[in-house]
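Just below is one structure, and these are the notes that go with it.
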2 protein chains.
Amino acid sequence: MDKKSPIKITLTERNDAVTITQWVYQTLRNAVMYGEILPGRALTIRELAGIMDVSPMPVREALRQLAAENALEIQGNRRVMVPKMTAMKFNELCEARIAIESHAAARALPYIDGERLEQLHSLDALIDQAQAADNLEQISLLNQNFHRALYTANPHQVTLPLIESLWLQLGPFMRLATNELDEHYLVDRHNEAMAAIEKKDAYALQIAISADIREGIAFAGTPEMLHSLIENSEP
Amino acid sequence: MDKKSPIKITLTERNDAVTITQWVYQTLRNAVMYGEILPGRALTIRELAGIMDVSPMPVREALRQLAAENALEIQGNRRVMVPKMTAMKFNELCEARIAIESHAAARALPYIDGERLEQLHSLDALIDQAQAADNLEQISLLNQNFHRALYTANPHQVTLPLIESLWLQLGPFMRLATNELDEHYLVDRHNEAMAAIEKKDAYALQIAISADIREGIAFAGTPEMLHSLIENSEP
DNA sequence: GCTACTACTTTGTGATCACAAACATTAGAT
DNA sequence: ATCTAATGTTTGTGATCACAAAGTAGTAGC
């Protein structure tokens, strides 16, 4: 029956306040983000519906939405799967993150008030704690929250959806990398970013954000490392 | 029955080779892109299904996909509409275009070969013709093709979907602006871009692309102009 | 005349069914 | 033994139906 590896998805409790489609969407999104689904593995509507114990309809809609966000890929065969990664594509995604996120940071800078600064500081402190506890999942989650909190300071923000799309595409492979290398320690560039924010220095902020992104992925950026994790994606 | 303005959508012939959902998606996408649907106008599944003479199902999927691309907005009420524009948001969209597209251009530059250069030259020539004929629709369509041809030279391109999302969000308002101002003539920055490409000068190319985008929207960028077209969106 | 409650309509959501294309498997011919 | 043709199964697509939430209108009460 299961020709491929059985899909294992972490199911969260379904809140009755949200629609089934939204719940399925969030569940699948997390599964992709945390690399629970192997790239190249064909996803069928009915199989997922069976796993999550819902009708095929919400799954259909969630899959289409994730495909529109480039988290999934619909081939000509109408088959849906997590897109496979290549070294060049990985590099392009990282460079795109740097270009867009440093832009978003600079655009958000003028809007950062005391309250937002407070929020960023507390997130930074939490990240330090998580780093001391060596909790990789927590680190990457808080790191996302930090970046999101920074960019959303701009009330006319339009780039966050684009940035989240890039995170989604990189997600599975960041995870695979962090799983393999638990000895990585990343210099805390957030302190530099905080200093730049307090000085309202847009250029310094862009430098700090760029460095943060570059170092966050540097441990996966060596050609050998990349090669190995890409090979892991092949059947 | 029609409490709001009746929706008028240009329907193209449906090719049997594509699925109904794809056809509906393309039709609605064009309608949004060309400003055929007023921002703020509530879109209902059944109404659109009736107009396009299909069942509600393909419309549902197409709407969700367009919403995922930020072309439509789903409010808390579950109502779907073309998002309203504000002057600040318009500005953010333009700045985002400049940041991402100049990045994409620089990243594509090393991959441009003779064939691609030829293609860009012929597109440039077509734009000149359309400009001579004062065919605004043709100009903006060809302009898009020019940019797309440039960015897709990079075989590991990952930013084009993001760029298209920005085009979609700006689309309706570019159209409104060009309709109101038929006296605008834009300096042909494509020649500068072509020169930069032939010299393989990434920095000059970024300058040219930025200028092209900035001038393409400059006629709508004056506060009065913007104010008027945003007012037009209100009921 | 204005507000609040109720009945009615509209609309999105989700399940089920029918169907055709894609896929896998098996049988037959060279 | 290998390639091809035929058969059976799986899967996405699209239509229809049931239902609950949101919206609308109409009426009673102050």
Side-chain angles (χ1 to χ4, degrees), chain A residues 1-7 9 11 13-29 37 40-68 71-83 235, chain B residues 1-7 9 11 13-29 37 40-68 71-83 235:
Chain A
M1 189 66 76
D2 293 326
K3 354 210 133 167
K4 293 278 200 165
S5 57
I7 296 181
I9 295 178
L11 301 174
E13 194 65 26
R14 189 168 90 227
N15 184 355
D16 281 0
V18 288
T19 63
I20 295 182
T21 301
Q22 288 172 326
W23 177 74
V24 171
Y25 168 78
Q26 273 300 334
T27 303
L28 288 179
R29 185 189 153 101
I37 305 174
R41 171 70 156 86
L43 297 179
T44 67
I45 294 176
R46 285 175 173 89
E47 182 185 14
L48 291 174
I51 293 176
M52 306 179 71
D53 194 35
V54 296
S55 92
M57 189 69 48
V59 177
R60 226 210 277 194
E61 307 226 321
L63 286 182
R64 195 171 284 271
Q65 187 166 347
L66 286 166
L72 297 177
E73 186 181 285
I74 27 181
Q75 303 174 295
N77 338 340
R78 294 168 175 176
R79 273 274 160 71
V80 178
M81 60 179 217
V82 178
Chain B
M1 189 67 73
D2 293 326
K3 353 211 133 166
K4 293 279 201 160
S5 57
I7 297 181
I9 295 179
L11 301 174
E13 193 66 25
R14 189 166 90 228
N15 183 356
D16 280 1
V18 283
T19 63
I20 296 182
T21 301
Q22 289 172 325
W23 176 74
V24 170
Y25 167 77
Q26 273 300 334
T27 304
L28 287 179
R29 185 189 152 100
I37 305 174
R41 171 71 156 84
L43 297 179
T44 67
I45 294 177
R46 286 175 172 88
E47 181 186 13
L48 291 174
I51 293 175
M52 305 180 71
D53 194 34
V54 296
S55 92
M57 189 69 48
V59 177
R60 226 209 279 195
E61 308 227 320
L63 286 182
R64 195 170 284 271
Q65 189 166 347
L66 286 166
L72 297 177
E73 185 182 286
I74 27 182
Q75 303 174 295
N77 340 340
R78 294 169 173 174
R79 272 273 159 71
V80 177
M81 60 179 220
V82 178

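Atom pair A/Leu72:CG and D/dG12:P shows a separation of 13 Å (rounding to whole Å applied). Residue B/Glu47 contributes atom CD, which lies 13 Å from atom P of C/dT10 at whole-angstrom precision. As rounded to whole Å, 13 Å separates atom C1' of C/dT13 from atom CD of B/Glu61. Per the geometry, CE belonging to A/Met52 stands 12 Å off P belonging to C/dG14, to the nearest Å. In this structure, B/Ile45 places its CD1 atom 14 Å from C1' of D/dA22, rounding to the nearest Å. Between A/Leu48 atom CG and D/dT11 atom P the separation is 11 Å, expressed in whole Å.
Under the side-chain hydrogen bond (donor to acceptor under 3.5 Å, both in side chains) criterion, B/Thr19 pairs with B/Gln22, not counting sequence neighbours. Take B/Arg64 and apply the side-chain contact (heavy atoms from CB on, under 4.5 Å) test, not counting sequence neighbours, and it matches A/Thr21, A/Glu61, A/Gln65.
For C/dG14, the OP1/OP2 oxygens have a side-chain nitrogen or oxygen of A/Thr21 closer than 4.0 Å. Between A/Arg64 and D/dT13 there is a side-chain N or O to OP1 or OP2 distance below 4.0 Å.
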Practice task
Begin with the C-alpha distance, continue with both residues' side-chain angles, and end with the deciding distance and a verdict on side chain to side chain contact (heavy atoms under 4.5 Å, CB included) for B/Arg29 and B/Leu66.
Solution key: CA-CA 7 Å; B/Arg29 185 189 152 100; B/Leu66 286 166; 4.0 Å; yes
Problem - A/Leu28/A/Leu72 under side chain to side chain contact (heavy atoms under 4.5 Å, CB included): CA gap, chis, key distance, verdict - result: CA-CA 10 Å; A/Leu28 288 179; A/Leu72 297 177; 5.8 Å; no
Practice task
Walk me through it: do A/Met57 and B/Met57 pass the test side chain to side chain contact (heavy atoms under 4.5 Å, CB included)?
Solution key: CA-CA 10 Å; A/Met57 189 69 48; B/Met57 189 69 48; 3.8 Å; yes
Report all interatomic pairs (protein N or O, nucleotide N or O of nucleotides 15-19 of chain C) with separations under 3.5 Å.
unit_1 : atom_1 : unit_2  : atom_2 : d
C/dA15 : OP2    : A/Ser55 : N      : 3.2
C/dA15 : OP2    : A/Ser55 : OG     : 2.1
C/dA15 : O5'    : A/Ser55 : OG     : 3.3

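For the pair A/Pro83 and A/Ala71, the tightest heavy-atom approach, listed with the atom from each and the gap, is CD-O, 3.4 Å. Taking all atoms of both residues into account, the shortest heavy-atom contact from A/Ser55 to A/Pro58 is O-CD, 3.0 Å.
Near DNA chain C, defined here as any heavy-atom distance below 4.0 Å, the residues from residues 73-81 of chain A are A/Asn77, listed numerically.
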Ignoring hydrogens and angles, write down the donor-acceptor pairs under 3.5 Å from the side chains of residues 73-80 of chain A, residues two or more places apart or on other chains.
none

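Residue contacts for B/Leu63: at a heavy-atom cut-off of 4.0 Å it reaches no nucleic acid atom on any strand shown.
From B/Asp53, atom CG reaches atom CD1 of B/Ile20 across 9.5 Å, with rounding to the nearest 0.5 Å.
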